[in-house]
Amino acid sequence: MTVIQNFQAADPTRIATVRNTGNKPVTAATLAWTAGGESLGVTPLPALQPGETATARLAHVFESCGVHELACALSRPDDLGLDNAGAVGVAVVEAVPLLVVAAAAETDPRKSATAPFLAALGRGDDDDETGWQSVFRPTVVDAAGFSERQLAGQSCVFLADVPPLAAGLLDRLKLFVQQGGGLWIALSDDSGPASVSGLTAAGLLPAAFLEAAGDAGQRENFIRVRPPRKEHPATALLADAQRLDIDRAQVYRRHPLQI
């Protein structure tokens, strides 16, 4: 028996893992890819011994926005045919809207504490809305005016050293995350565990923040960031040490987590 599992839709490479869960070897086969019923091609698969796996990849760019069904199926039949195929829904968008909540209003938010985050999204100091080529579309708002209405239509919320949020807003933010929205949290030199205790209590943080450790003035003492796993689609781009310098970054002061 052969089973297709861990079917991922990380754009632009589609990945399907094929595993021989039977007790007999299986011969080489092909994996046929389709989108909306139209053929996208086939990927060859090697012969597999019992318990062995093989990974199939396909690069494909959808020409229109919307939700597309991407499917794959083995050419080899067996007694349990239902696990020889897999399908996922792929959402294709023109832009990814993000809400950046800053601690205080800025005349130019790109010069504020949010500047590193905006730069990581592809926006430079001279960029504007008309000339910006990045897929990310952030909206920067003042924390004092942050309300649940601003969460509508956003893909992710970035809290940049914001003060404690009201209980009602925390509940709405928790619902936003439960429905698939992303949440990034950044602390500053002046903030501490108390400023995010409400987020921890609401279940929006997986662990409690402890007081900051380290000394930014002692440049000889630092730790490095361990790159995340390459296999997971959520961290595949961050794990690319060839394009990013995440493995060379030096951290002098940090907030440990209480696991």
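Ring orientation note: the planes of Phe209 and His255 are nearly perpendicular, at an angle over 60° on the 30°/60° scale.
A single hydrophobic cluster is not seen to contain both Leu238 and Ile185; linkage of ILVMFWY side chains at heavy-atom distances under 4.5 Å, directly or through other members, places them apart. Note on Phe117: it does not cluster hydrophobically with Leu244, by side-chain heavy-atom contacts below 4.5 Å among ILVMFWY residues. Linking ILVMFWY side-chain heavy atoms closer than 4.5 Å, directly or via other members, places Leu183 and Leu165 in a single hydrophobic cluster. Hydrophobic clustering (side-chain heavy atoms under 4.5 Å, transitive across Ile, Leu, Val, Met, Phe, Trp, Tyr) keeps Val42 apart from Val26.
Atom CD of Gln258 sits in a sparse spot, with 12 or fewer heavy atoms from other residues, nucleotides or ligands closer than 6.0 Å. Shown here is Gln242, whose CD atom has no more than 12 heavy atoms of other residues, nucleotides or ligands within 6.0 Å. Around atom CD of Glu38, no more than 12 heavy atoms belonging to other residues, nucleotides or ligands sit under 6.0 Å away. No more than 12 heavy-atom neighbours from other residues, nucleotides or ligands sit within 6.0 angstrom of CD on Glu94.
Considering only heavy atoms from C-beta on, Leu175 stays 4.5 Å or farther from Leu151 through its side chain. Annotation: side chain of Gln250 is in contact with side chain of Arg224 (closest heavy-atom distance under 4.5 Å). The shortest distance between side-chain heavy atoms of Leu257 and Pro206 does not fall below 4.5 Å. At a threshold of 4.5 Å between non-hydrogen side-chain atoms, the residues Leu170 and Leu199 count as touching. With a 4.5 Å cut-off on side-chain heavy atoms, Val162 and Phe146 do not count as touching. Residues Val101 and Phe158 form no side-chain contact, since every pair of their non-hydrogen atoms from C-beta on lies 4.5 Å or further apart. When side chains are defined from C-beta on, Leu70 does not count as touching His68, because their heavy atoms never get closer than 4.5 Å.
Here CZ of Arg254 is found 11.0 Å from CG of Leu210. Values are rounded to the nearest 0.5 Å. A distance of 8.5 Å separates CG in Leu99 from CG in Leu159, rounded to the nearest 0.5 Å. The distance from the CG atom of Leu204 to the CG atom of Leu173 is 5.0 Å, given to the nearest 0.5 Å. Taking CZ from Phe62 and CG from Leu40, the interatomic distance works out to 6.5 Å, rounded to the nearest 0.5 Å. Here CG of Leu74 is found 8.0 Å from OG1 of Thr30. Values are rounded to the nearest 0.5 Å. To the nearest 0.5 Å, the span separating OG1 on Thr17 from CZ on Arg57 amounts to 8.5 Å.
Nearest heavy atom pair, residue Pro228 against residue Ile246, reads CD-CD1, 4.2 Å. Contact between Glu211 and Pro256 at its shortest, heavy atoms only, is O-CD, 3.3 Å. A pairwise comparison of heavy atoms in Trp33 and Cys72 identifies CE3-CB, 3.9 Å as the closest pair. Residues Ala95 and Arg137 come closest through the heavy atom pair CB-CG, 3.5 Å. Considering every non-hydrogen atom in both Arg243 and Asp240, the closest pair reads CD-OD2, 2.8 Å. Taking both residues in full, the closest heavy atoms of Pro97 and Gly153 are given as CG-O, 3.0 Å, listed atom of the first, atom of the second, then distance.
Remark: the backbone N or O of Leu48 is paired with a side-chain donor or acceptor of Asn20 at under 3.5 angstrom. Judged purely by atom type and a 3.5 angstrom limit, Gln154 uses its side chain to pair as donor or acceptor with the backbone of Leu98.
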Next item on the list: Could you walk me through whether Arg219 and Tyr252 pass the side-chain contact (heavy atoms from CB on, under 4.5 Å) test, one step at a time?
Entry: CA-CA 7 Å; Arg219 312 303 277 185; Tyr252 304 99; 3.2 Å; yes
